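Computed from heavy atoms alone, side chains included, the values below leave out hydrogens, waters and symmetry copies. Please read these numbers as outputs of a predicted model, since none were measured by experiment.
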Amino acid sequence: MFLQIHQAHSARRWRSLAIIIGILVALVLPLTLDSTTITAQSVPQLRIVRTDLNQFPVIEVTVEVRDRPISTLTDTTDFQVSLDSTDLPLIESRSTQTPGATMIVTDLSSRMSERVIAYLPSFEVMQPLVSHLVSELQSGDQRAGLIVVTDEVRIVHSLTNDLGAIANTLGRSNTQFLFEAQPLDSSAPDAAYPLDTAILDALAQLADAPAEQLRTLVVFAAGDPSRELNTTAVRLAFDNARAADRPVQLLVYGFNSDPAAIEQLRAFTADGQFTPVITDAQVPSPEVKRQIFTQYANLIDRGALITLRVEAP
């Protein structure tokens, strides 16, 4: 059997998408499908997540559409399934938002207690932005985790569906961990600043997320140009994730007006986005906040799962 799924041509929709599923069939009575081979040809934004042949001749295929918000998929019946060049009747189609996995790295070192804004420590600017992100993630089918950096790295929350627990931590209601920046001068002058290690630990967490989940790493940090960070190892980890077909989207938010610190943080984002939150010792402008919140919304709504149920003859 040769099963083909494609999207009909339409001036209002994307052009000609095709996924080819080769099904090796053993002609044994009763009919059984012994093995399934799945490939996607020249369509990098499409990936088959699963096929269900248990109810054959009813076949169910779930396709992930990457980098395409679910809001743009107004008509999933636009997909046509063919078997040996014969169109199959569509029993049902439905679309859902692609689930996601987001790791959050927050800088709680004494650097975040510095008043880069005349009357406000960087931490007080960062905390509501992190809380807003978690609130947005709670509105979708998302998992999240939280890692903090001081002079050491601590995984406060591994990837979890319990985003309420993360929200409690950010709201300082976690009796096991106080989400607060270290006081100024509380660290030794030669204390470590393992931001690179925290990023690598976050990527390791994301590597264990289910294959169908879109992965995101969000970093909130001050940076410290007096400390050397291993950006080469971080970039290699991102490359390895991409090669394993588990790419990670990176967002970095900087809380330091020092140009050298800004460039240090920007160095992590060769394939990501860097947003300086504090510039010229000023609180974030309404425009910067809108930009950040738009980035939050986009990372959640950047893919869809389309499930097609068809009946073979």
With a 4.5 Å cut-off on side-chain heavy atoms, are [Y] and [X] touching?
X: Met103; Y: Ile147; value: yes
X: Tyr296; Y: Leu129; value: yes
X: Phe274; Y: Ile262; value: yes
X: Phe238; Y: Leu217; value: yes
X: Leu195; Y: Val219; value: yes
X: Gln55; Y: Glu60; value: no
X: Leu170; Y: Leu146; value: yes
X: Arg309; Y: Arg94; value: yes

Looking at [X] and [Y], what are the two nearest heavy atoms and their distance?
X: Arg143; Y: Leu159; answer: NH2-O, 3.5 Å
X: Ala167; Y: Gln138; answer: CB-OE1, 4.4 Å
X: Ser110; Y: Leu184; answer: O-CD2, 3.5 Å
X: Arg115; Y: Pro121; answer: NH1-CD, 3.5 Å
X: Tyr193; Y: Ala222; answer: OH-N, 3.8 Å
X: Ala198; Y: Val149; answer: CB-CG2, 3.3 Å

Using a distance-only test with no angle check, is there a side-chain donor-acceptor pair under 3.5 angstrom linking [X] and [Y]?
X: Gln127; Y: Ser131; answer: yes
X: Ser109; Y: Thr150; answer: no
X: Gln295; Y: Tyr253; answer: yes
X: Asn256; Y: Asp258; answer: no

Judged by atom type as modelled, is there a donor-acceptor pair below 3.5 Å linking the side chain of [X] to the main-chain atoms of [Y]?
X: Arg215; Y: Thr102; answer: no
X: Gln264; Y: Asp224; answer: yes
X: Arg154; Y: Phe177; answer: no
X: Thr160; Y: Asp162; answer: yes
X: Asn168; Y: Ser173; answer: no
X: Ser113; Y: Gln182; answer: yes

Drop me the distance from [X]'s [atom1] to [Y]'s [atom2], to the nearest 0.5 angstrom.
X: Gln273; Y: Thr269; atom1: CD; atom2: OG1; value: 9.0 Å
X: Ser226; Y: Arg111; atom1: OG; atom2: CZ; value: 6.5 Å
X: Leu137; Y: Ile166; atom1: CG; atom2: CD1; value: 8.0 Å
X: Leu200; Y: Gln205; atom1: CG; atom2: CD; value: 12.5 Å
X: Leu251; Y: Ile104; atom1: CG; atom2: CD1; value: 10.5 Å
X: Glu92; Y: Leu308; atom1: CD; atom2: CG; value: 9.5 Å

Only one of Asn174, Val156, Leu108 forms a side chain to side chain contact (heavy atoms under 4.5 Å, CB included) with Phe179, so which one is it?
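Between Phe179 and the candidates, side chain to side chain contact (heavy atoms under 4.5 Å, CB included) is satisfied uniquely by Leu108.
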Output the rest of the hydrophobic cluster of Leu236: all Ile, Leu, Val, Met, Phe, Trp and Tyr residues reachable through side-chain heavy-atom contacts under 4.5 Å, sorted by chain and number.
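Answer for Leu236: none, a lone residue.
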Could you please spell out the steps behind the side chain to side chain contact (heavy atoms under 4.5 Å, CB included) verdict for Asp107 and Phe220?
CA-CA 6 Å; Asp107 186 348; Phe220 300 84; over 6 Å; no
Show your working on side chain to side chain contact (heavy atoms under 4.5 Å, CB included) between Val105 and Val218 and close with a plain yes or no.
CA-CA 6 Å; Val105 173; Val218 187; over 6 Å; no
Please tell me whether Leu90 and Val58 are part of a single hydrophobic cluster in this structure, the criterion being side-chain heavy atoms less than 4.5 Å apart.
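Hydrophobic grouping puts Leu90 apart from Val58.
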Under 4.5 Å between side-chain heavy atoms, hopping through other hydrophobics if needed: is there a path connecting Ile91 to Leu53?
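In one cluster: no.
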Go through the structure and list residues passing side-chain contact (heavy atoms from CB on, under 4.5 Å) with Asn298, not counting sequence neighbours.
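Counting only residues at least two positions away or on another chain, Asn298 forms a side-chain contact (heavy atoms from CB on, under 4.5 Å) with Thr294.
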Suppose we screen for side chain to side chain donor-acceptor pair (under 3.5 Å). Which residues come up paired with Arg242, at least two apart in sequence or across chains?
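So Arg242 forms a side chain to side chain donor-acceptor pair (under 3.5 Å) with Asp239, Asp271.
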Working note: Ile278 + Ser122, criterion side chain to side chain contact (heavy atoms under 4.5 Å, CB included); need CA distance, chi angles, decisive distance, verdict.
CA-CA 8 Å; Ile278 297 173; Ser122 296; 3.8 Å; yes
Hey, are Glu263 and Arg266 close enough for a salt bridge, meaning a charged N less than 4.0 Å from a carboxylate O?
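Here Glu263 pairs with Arg266 in a salt bridge, since their nearest N and O are under 4.0 Å apart.
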Is any NZ, NE, NH1 or NH2 atom of the basic residue among Glu287 and Lys289 found under 4.0 Å from an Asp or Glu carboxylate oxygen of the other?
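Salt bridge: no.
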What verdict does the side chain to side chain contact (heavy atoms under 4.5 Å, CB included) test give for Val248 and Leu203, after you've listed the backbone C-alpha separation in whole Å, the side-chain angles of each residue and the deciding distance to 0.1 Å?
CA-CA 8 Å; Val248 178; Leu203 290 172; 4.0 Å; yes
